[in-house]
Number of protein chains: 2
Amino acid sequence: MDIEQHKIPQATAKRLPLYYRFINNLHSQGKQRVSSKELSEAVKVDSATIRRDFSYFGALGKKGYGYNVEYLLSFFRKTLDQDEITKVALIGVGNLGTAFLHYNFMKNNNTKIEYAFDTNAEKIGTEIGGVPVKHIDDLEDIVKGDITAAILTVPSSAAQGITDRLVKSGVSGILNFTPARITVPDHIRVHHIDLSIELQALVYFLKHYPLEENTEQEE
Amino acid sequence: MDIEQHKIPQATAKRLPLYYRFINNLHSQGKQRVSSKELSEAVKVDSATIRRDFSYFGALGKKGYGYNVEYLLSFFRKTLDQDEITKVALIGVGNLGTAFLHYNFMKNNNTKIEYAFDTNAEKIGTEIGGVPVKHIDDLEDIVKGDITAAILTVPSSAAQGITDRLVKSGVSGILNFTPARITVPDHIRVHHIDLSIELQALVYFLKHYPLEENTEQEE
DNA sequence: GGATGATTGTGAAAAACTTAACGACTATCT
DNA sequence: AGATAGTCGTTAAGTTTTTCACAATCATCC
Ligand SMILES: NC(=O)c1ccc[n+]([C@@H]2O[C@H](COP(=O)([O-])OP(=O)(O)OC[C@H]3O[C@@H](n4cnc5c(N)ncnc54)[C@H](O)[C@@H]3O)[C@@H](O)[C@H]2O)c1
Ligand SMILES: NC(=O)c1ccc[n+]([C@@H]2O[C@H](COP(=O)([O-])OP(=O)(O)OC[C@H]3O[C@@H](n4cnc5c(N)ncnc54)[C@H](O)[C@@H]3O)[C@@H](O)[C@H]2O)c1
């Protein structure tokens, strides 16, 4: 439909789901209007950044008024494709994978884990959090064409092998929780979430970037 | 010791643990030297960025040669404070919290979850993954002074309350996995890892930022 | 021992992102 | 109706991060 939606900066795109969630919250609370300043305090993003982000989509608000919550919500729902369900597969039903299966991503996010895959015979055939666990041998047959993205929670030694199979099966995005930096063709998108690194980075910041003790009162 | 280490860009700091891990791998494999190009292919970061990142710490390499793995490793170990253990607490032993407790963050990351906390009577007094689970009422007493950072995996409704107590207990960093955007004093650092948002953002990118189908052969 | 090829460290440019500031406009109150 | 306080969208400035490109240097081979 709209081919040239390409002008939205990546940094903005990453914040859209966050905005969407809070607009949803406001709507549930029956709020009619909201200002960038209010939103800013809730999501901890500078209000100028929020206005700038919104402005990439045109004039969503009214000067002197703010944004209409109802309108904003329906706009973001459309923009984030929340009217159609995105089907996802999860590979590796271990500690982390099981936790994700128990979580309902549909709550505020029209994404559904349709199938899980593992090698462990004890798990195959069961349902966890309503998601059927299949044998990894059936990956290609089940995924083929039907599944948009995959969540990867296998041991890192298996990561590249499974990735290659996912790519062959037509998945176009992978959310990789393993420490392995996987290699994919150019047309496949991979987001890495590396929990060890996140923890280590936090610790590094604590030791090397001491924050100012605030003498003023925080509002 | 070195007060003015402040010149390292945040983007660089976030990559340091990643470099550290791969240098560790190389060292285990018995590799003696490595070039920024090689490292680049492994960690999927542009080689110029790697050289720039390293250069903030002085001249770690040799022109025409590359980097000595042994030296690099010992340098990063020092820089990332890997010689001392950083103590961490985990709050909320549910799906996600339990998965983390079963994971050994110490493997390549000198960070240890010392205590876990929950309200659930069945869990209190047990050990999960070698970590004792304590009652949340004892949070202040146990954490006080001893714990540097906290991992927050409670329901989002409890997030702000627990955060306030963590801050009072002297924690200086929080890794927040709840969808709540928590408020803290200026001297406390919070990193948010919001899994729903990561998934939703991936899906958004897939639909709106189609990647080039590569006609060239990938190396 | 000189030629060759590899690789760093960095100055300079480019790109990406954030923030400040303000004119234009709105709602609301008296 | 006019004054007031609030708010957006955007221009411009500032900041951070990435990338290019190359002189300087080193290892190695013949
Ligand atoms: N658990 C954590 O807190 C944590 C933290 C950081 C990183 N990680 C990473 O996340 C990944 C998963 O961690 P985990 O703790 O859940 O591990 P885990 O061992 O509990 O789970 C791995 C699962 O993958 C399955 N598996 C193994 N090989 C497979 C294959 N070829 N195909 C399909 N399934 C296969 C196993 O049967 C197992 O159920 C690992 O790469 C780990 O490094 C986990
Ligand atoms: N599980 C997932 O895959 C997933 C995905 C995205 C986000 N999250 C978020 O992570 C958080 C944890 O998710 P979960 O699935 O593990 O939830 P969960 O309900 O399984 O676990 C929450 C745990 O916190 C404990 N708890 C509740 N109130 C507490 C309090 N005041 N003090 C201490 N402990 C308390 C509960 O007893 C429970 O054990 C939630 O905020 C959730 O939104 C989880």
Please state how far atom [atom1] in [X] lies from atom [atom2] in [N], giving the value in whole angstrom units.
X: B:Leu60; N: C:dT10; atom1: CG; atom2: P; answer: 10 Å
X: A:Lys37; N: D:dG9; atom1: NZ; atom2: C1'; answer: 18 Å
X: B:Leu39; N: C:dA6; atom1: CG; atom2: C1'; answer: 16 Å
X: A:Ile50; N: D:dT7; atom1: CD1; atom2: C1'; answer: 13 Å
X: A:Gln32; N: D:dT7; atom1: CD; atom2: C1'; answer: 18 Å
X: A:Tyr67; N: C:dA27; atom1: OH; atom2: P; answer: 15 Å
X: A:Lys7; N: C:dA16; atom1: NZ; atom2: C1'; answer: 14 Å
X: B:Lys14; N: C:dC17; atom1: NZ; atom2: P; answer: 13 Å

Classify the side chain of A:Arg51 versus the base of C:dT19 as yes if they form a donor-acceptor pair under 3.5 Å and no if they do not.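 No such pair is found, so the answer is no.
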
Record whether the side chain of A:Arg52 comes under 3.5 Å of the base of D:dT10 through a donor-acceptor pair of N or O atoms.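 There is none.
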
Per [X] side chain, nearest of listed nucleotides [options]:
X: A:Lys63; options: C:dT18, C:dT7, C:dA24; result: C:dA24
X: B:Ala11; options: D:dT18, C:dC17, C:dG9; result: D:dT18
X: B:Tyr56; options: D:dC26, C:dT18, D:dT18; result: D:dT18
X: B:Gln10; options: D:dT17, D:dT10, D:dT7; result: D:dT17

Just N and O in the side chain of [X]: are any of them under 4.0 Å from OP1 or OP2 of [N]?
X: B:Thr49; N: D:dT19; value: yes
X: A:Arg33; N: D:dC8; value: no
X: A:Tyr65; N: D:dA5; value: no

If each of A:Asp46 and B:Ala59 is mapped to the nucleotide of DNA chain C with the nearest heavy atom, which maps nearer the 5' terminus, i.e. the 5' end?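 Final value for this comparison: B:Ala59.
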
When you compare the side chain of A:Thr148 with that of A:Val88, does any pair of heavy atoms fall below 4.5 Å?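 They are not in contact (no side-chain heavy atoms under 4.5 Å apart), so the answer is no.
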
Can B:Tyr103 and A:Asn95 be counted as having a side-chain donor-acceptor contact under 3.5 angstrom?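 Their side chains do not contain a donor-acceptor pair, so the 3.5 Å distance test is not met.
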
NZ/B:Lys168: more than 12 non-hydrogen atoms of other groups inside 6.0 Å: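 At most 12 heavy atoms, drawn from other residues, nucleotides or ligands, come within 6.0 Å of this atom.
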
Tell me what B:Phe54 touches on the nucleic acid: a base, only sugar-phosphate, or nothing, going by heavy atoms under 4.0 Å.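 If one applies the 4.0 Å heavy-atom cut-off, B:Phe54 turns out to touch nothing in the nucleic acid.
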
Scan A:Ser36 against the nucleic acid and name what it touches under 4.0 Å (heavy atoms): base, sugar-phosphate only, or nothing.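 Touches sugar-phosphate only.
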
Applying ring pair (Phe, Tyr, Trp, His ring centres under 6.0 Å) between B:Phe76 and each of B:Phe54, B:Tyr20, B:Tyr67, B:Phe22, report the one that passes.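 It is B:Phe54; the other options fail the test.
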
Pair A:Asp46 + A:Arg52: basic N to acidic O under 4.0 Å: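 So A:Asp46 does not pair with A:Arg52 through a salt bridge.
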
